[in-house]
Amino acid sequence: MSLMIINDLVFVLIASITLLSALGMVLSRNIVHSALALILTFIGVAALFFNLGAAFLGLVQILVYAGAISVLIIFAIMLVMHGEAHKTNRFNPSLGTHLWGGYIAAVMTIGLVAAIWFSELPEVKGRTVEDAVGLLAGLLLGNYVIAFEAAAVLLLLAVVGAIILARGVEEQ
Amino acid sequence: MIGKGLLKGLGITLKHGVEKPKTIQYPEQRPYLQERFRGCLEFDYKNCIVCGMCTKACPNNVLSFETAPIEGSKKKRLVSYTIDLQYCMFCNLCVEACPTNTLFFVHDFELSTYRRDEIKKVYIPPALTQVDAGGGQAELIPQDALEPDREAEAEAKRLKQLQAMKTALSKGGQKVLAKYVDTEEDAAVLANLLQADEKKRDKMAALIVDDKEKARKVAQAFVAKERKTQAGGEEK
Amino acid sequence: MEHLFTNIAQILTSWMVSLGLPPIWADLILLIGQWTIIVVIVTLNVIVLVWLERKISGFIQERLGPNRLGPFGAFQTIADAMKLLTKEDIIPSQADRWIFMTAPMLFIVIAVMLYAVLPLGQGMEVVDLNVGLFYFISLGSLSTICLLMAGWGSNNKWSLLGAMRSVAQMISYEIPLAFSLLGVVMLAGSLNLSEIVTAQNRYWFILLQPVAFLTYFIAATAELNRGPFDMPEAEQELTAGAYTEYTGMRWALFFLAEYTNLVAVSALAATLFFGGGQGPWLPSWLWIIIKTYLIMLVFMWMKWTFPRIRMDHLMSFSWKVLIPVSLANILITGLGIEFFRGMGW
Amino acid sequence: MVLNEADTRDGSSDVEQLEKHNIIVTTLEKIWNWSRARSFWPLSYGCNCCPIEMMASGAARFDIARYGYEVFRASPRQADLLIVAGPITLKMAPVVKRVYEQMPSPKWVLAMGNCATSGGPFRDGYSILPGADTLFKVDIFVPGCPPRPEALFHGLLELKKKVERGDY
């Protein structure tokens, strides 16, 4: 029983940190602070994965999102930023965009809650995955290898395209 | 082969790593200084003829001196000589210019001070005295040249006394010792003791020459100790 | 001797359970105890390491190194640490205060968290995570953010330049670092560090994976920002890189974290390539200490031998040499495993 | 510690009052001074010839590391001792002053060589400060042109004595 309570407490702690940092990310006026709060959010999500027993996914979340992607985001911000830092992340002054944003957010929240409320989520009982990494590897490089490779090629194309866009093509 | 140079470098540092360090540990070991090393500029007033060549030679106005006229003579005498070492660049020009080797460099390089004005060195020669140089001529010489070296004289006298006392004690010297003990009997005991023991004799002699009070105390202590051992021997 | 610490832990647990504590609380208390001990030992070890580094640099340059304070100058680092503790703590007025203050703490926290999965002897890991190696790599990648925070928070152009350099370098070298470890993982068939140690019962992986070890060693040196890859702190050009504005204890925390990382990376190398705690006569925890120290000595030896290399050479070395080499190593390892499996070994 | 009224009346300072009650308040400070005196991390500022001797002091023959002073820091934030090894030009003076002010206290200044001490041969120049002590408090002067590395060590060891006494 006490184990369950500890588990719940940990979940509440992690979830609140994640939510708070997500809020901080949205509300901060300083774009670098926003980026750092985003990293904290990613780490919180990773901690949720850990809490659910998906250690590998959590670590991927940390490595890819918190460790690599957000660093790239911060890099890009720092390289292109000019002017004062605390004015970099200003809110859109027009009321119309606020209303639209609020409307979309409300619809999405209601939709999500309704989807969770009305769907019958299958209950997983007492099934622990011993070798999650091996299973995942088998799936990625076995059953879904074509999709996996296609995604990789797509990303590569995107990178090449970005380089071409950035440097321009020499006219012959 | 790629990386050969890197391995070579590692080998070199390893070789030097096991070699004996080349360090001269400064405060304990003194550095080896060349003979002509210019550490600190010094001044010896005895040779100074107050010609002023040094100040003319100095590019930095390091050197300065004050003079006073000597009565009845065309010469000047030195009142003070200042070397303000904080401006010196150790160029040696003053030493070369000096006709009498009054200025010279010594090897002392430990000149650090807590205050800037302590770097300046002021030499004040001792006051001069008029003496009769013979033939009715007067000459001025420094006072300490006139006065014989008192300390050295006193030391020589003391050594002479010490030697005399030692010989006296080695031959007995009851009369001398009687001054330091209460009775004739004690004096005899002490004389015997001192004749036997050279160390104690030397000590006693030095004490008698330097400090009579202490000599009395030590003599009485010697006697008391000697009596005690004698008494102990008889009991046994 | 071999089971000294595990026995102590068991005795403590059973004692706490006998006192009426639920087993889960006893485990938790023991975990916190282990954790505290690791933090204390790691911190104290840094004092020894800094002294060792200064002595080694002295010997390599035919000097004596610190020798006035205590036997062979052993108390020199203690004096330094005490001085750093009492220095004025300056936070620049234009600095991004909170980022500036949290960066060193986060750095040391991440550095210490690396020790959670390292098997410091047989059965002596704090958490026996089955993705231990992956945990090590992904947490290590977080330390770039701390440097970036330090550089940004200082609001100083040298700091920011140093931070950007170090982040560019660390991100580039993370890839060959992870790839070089993949060969080992393929051989052992597990990401669990203690299982990797067990897999080295017959051969140490340094014999089967020499190329992986070399790439790991180089990439780890770059990851640690140690010479000859100490671009971020290039003192001649960038004053002290991301650490320029840090004074006293905050700066000491960075220093502490760097040496903590050094120990962690060396211990990982000992675990993955030199059979961890395996060795004759001595208990396993002693063996891992000996191996870790030997690897650290090599790190220090390299630092005091090679001059710093240029930034563009550094980057192109990572992208054009190390990554292809480590990828080729993975390919060859895979082919080799298939080949030997086909041969029925 | 409750002080008696009699103690507070005679105008003695808090420390003196505590000492009356046999409480020594300087012990910790002594330990700090002990460690500070043994760990000067120098920040170097120089022109040409004194810095050469200063660099030589780090080399094998002289080895400043024996005293633990070899950690030359490039950033003033981590340094304890500013070694002024060269003349301070009027143009450079605000910079040196700023660097000095960026150092965290407790901090010390060592004027190495005659240019730093007094301006040396340039003392009457239109562009040179006549001595570093016209800019900030200098704790120790090492005369010489340039001073030997050993002379620098002598200055450092004298400064060590001063810091150990707590006289700064």
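Computation of the quantities below employed the complete heavy-atom set of this structure, encompassing side-chain atoms and omitting hydrogens, waters and symmetry-equivalent molecules. These figures come from a predicted structure and were not determined experimentally. Letters go in sequence order (proteins before strands), and every chain restarts at 1.
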Bottom line for D:Arg61: the part with an atom under 4.5 Å from chain B's heavy atoms is both
- prompt: Are there more than 12 heavy atoms of other residues, nucleotides or ligands under 6.0 Å from atom CD of B:Glu28?
  reply: yes
Tightest non-hydrogen contact, residues D:Tyr67 and B:Pro27, listed as OH-CD, 3.2 Å
Okay, D:Leu157 and chain B: the region with an atom under 4.5 Å from a heavy atom over there is side chain
Contact check, side chains of D:His154 and B:Tyr26, non-hydrogen atoms, under 4.5 Å:
yes
So, the part of D:Pro121 with a heavy atom under 4.5 Å from chain B: the answer is both
* Check whether any side-chain heavy atom of B:Asn61 lies under 4.5 Å from a side-chain heavy atom of D:Arg123, and answer yes or no. => yes
* Got a sec: does the NZ of B:Lys22 have more than 12 other heavy atoms crowding it under 6.0 Å? -> yes
Most heavy-atom pairs under 4.5 Å with chain D, out of B:Tyr114, B:Phe90, B:Phe37, belong to B:Tyr114
Okay, D:Asp139 and chain B: the region with an atom under 4.5 Å from a heavy atom over there is backbone
**Q.** Atom NZ of B:Lys157 with >12 non-hydrogen neighbours under 6.0 angstrom
**A.** no
For B:Ser112 and D:Ala151, the nearest pair of non-hydrogen atoms, with its separation, is OG-O, 3.8 Å
Under 4.5 Å to a heavy atom of chain B? For D:Phe62 that would be backbone
Interatomic distance, CG@B:Asn60 vs CZ@D:Phe122, rounded to 0.5 Å, equals 9.0 Å
Under 4.5 Å to a heavy atom of chain D? For B:Pro31 that would be both
Comparing B:Glu118, B:Arg30, B:Gln25 against chain D, the one with the most heavy-atom pairs below 4.5 Å turns out to be B:Gln25
- [ ] Give a yes or no on this: more than 12 heavy atoms of other residues, nucleotides or ligands lie within 6.0 Å of atom NZ of B:Lys121.
- [x] yes
Whatever's closer than 4.5 Å to a heavy atom in chain D on B:Ile119 counts as side chain
The interface call for B:Arg115 against chain D, heavy-atom contacts under 4.5 Å, is backbone
Turns out that what part of B:Leu33 lies under 4.5 Å from chain D's heavy atoms comes down to side chain
Assert top hit (heavy-atom pairs under 4.5 Å, partner chain B, pool D:Pro147, D:Gly113, D:Gly131, D:Gly120) equals D:Gly120
Margin query: Tell me whether D:Asp63 contacts the main-chain N or O of B:Thr23 through its side chain, where contact means a donor paired with an acceptor under 3.5 Å.
Written below: no
Q) Donor-acceptor pair, D:Thr117 side chain versus B:Gln86 backbone, under 3.5 Å? A) no
More than 12 heavy atoms of other groups within 6.0 Å of D:Lys137 NZ
yes
Problem set entry | Student check: side-chain heavy atoms of D:Pro143 and B:Arg116 closer than 4.5 Å | no
Closest heavy-atom pair, B:Cys88 versus D:Cys145, reported as atoms and distance to 0.1 Å, is O-CB, 3.8 Å
